[in-house]
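I have placed the structure first, in the form of structure tokens, so that the comments after it can refer back to it.
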Amino acid sequence: GAVVSQHPSRVICKSGTSVKIECRSLDFQATTMFWYRQFPKQSLMLMATSNEGSKATYEQGVEKDKFLINHASLTLSTLTVTSAHPEDSSFYICSFFLGTTQETQYFGPGTRLLVL
Amino acid sequence: GESVGLHLPTLSVQEGDNSIINCAYSNSASDYFIWYKQESGKGPQFIIDIRSNMDKRQGQRVTVLLNKTVKHLSLQIAATQPGDSAVYFCAENIQSGGSYIPTFGRGTSLIVHP
């Protein structure tokens with residue numbers, strides 16, 4: 001199956017700093033991708049949808065100025081958590097969408113963010 | 001939407017038993033459904049999908065049943081193995097433009113005892 005990588009896999013940062021998470025598709029190109037956030041023992045919550053070269057569409061309640069998404073190419077998207085606070089501590093997962101076929105989305109392995 | 005904020009329900013089974021995991025979805029316009037398996041600390045992994053024009057689909061050791069009347073999905077795992085222990089999510093998809101927008105259910109934690 002298709003491979004998606006995320007970097008870093010874990011990050012600990014101080015409150016007030018910014019953290020960038022990279023999401024790469026290693027063997028395919030896709031125009032649409034999603035960023036999710038998952039708190040412990042909870043479901044994945046869609047944060048935003050982005051199309052390559054366009055501005056991301058954020059879900060209700062997700063601050064676009066706090067969670068900056070850059071989808072600069074068909075294989076790379078970044079999520080920057082700006083001025084991180086402890087409540088931003090979560091598991092962030094990206095996925096690439098290939099279309100209306102089987103295995104529609106390919107998920108990254110996730111990034112665990114801990115803000116102290 | 002789904003019960004965000006509540007802890008995951010848990011299903012405990014013995015190795016070799018069949019498991020049935022249920023999911024209720026909310027939007028009658030959803031026309032594509034996917035079951036995912038998520039192991040601890042990892043991203044979701046595709047298991048099986050089904051479109052709304054079907055009511056049953058079978059894969060290897062897994063079967064998905066769709067009841068559109070009551071907006072209910074189930075995932076049946078035959079001869080459950082310890083390696084099946086994970087959290088299972090259903091996702092309903094609504095088509096928007098050329099893409100499908102997914103909404104994940106609350107998930108069920110499956111624990112398989114050897």
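Every chain is numbered from 1, with letters handed out A, B, ... down the list of sequences. These figures come from a predicted structure and were not determined experimentally.
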Quiz item: Could you give the distance from OG (S43(A)) to OH (Y36(B)), rounded to the nearest 0.5 Å?
Solution: 11.5 Å

Quiz item: How long is the gap from CZ on F104(B) to OH on Y36(A), to the nearest 0.5 Å?
Solution: 4.5 Å

Practice problem: May I ask you to check whether over 12 heavy atoms, not counting those of H85(A), lie within 6.0 Å of atom NE2? | Solution: yes

Quiz item: Heavy-atom count around R61(B) CZ within 6.0 Å, excluding the residue itself: above 12?
Solution: yes

Quiz item: Would F107(A) and Y32(B) show up in the same hydrophobic cluster when neighbours are defined by side-chain heavy atoms closer than 4.5 Å?
Solution: yes

Practice problem: Go through the atoms of L44(A) and report whether side chain, backbone, both or neither lie under 4.5 Å from a heavy atom of chain B. | Solution: both

Self-check item: Engaged part of Q6(A) at the chain B interface, taking heavy atoms whose separation is under 4.5 Å
Solution: neither

Quiz item: CD/Q105(A) to CG/D49(B) distance, rounded to the nearest 0.5 angstrom?
Solution: 11.5 Å

Quiz item: So does K66(A) have more than 12 non-hydrogen atoms from other groups sitting under 6.0 Å from NZ?
Solution: yes

Quiz prompt | Between G41(B), G107(B), S109(B), P102(B), the one whose heavy-atom pairs under 4.5 Å with chain A are most numerous | solution = P102(B)

Practice problem: Starting from I12(A), walk the hydrophobic network (Ile, Leu, Val, Met, Phe, Trp, Tyr; side-chain heavy atoms closer than 4.5 Å) and list everyone else you reach, by chain and number. | Solution: L114(A), L116(A)

Practice problem: Tell me, yes or no, whether the heavy-atom count around E87(A) atom CD, taken from other residues, nucleotides or ligands under 6.0 Å, exceeds 12. | Solution: yes

Quiz item: For Q38(B), is it the side chain, the backbone, both, or neither that has a heavy atom closer than 4.5 Å to a heavy atom of chain A?
Solution: side chain

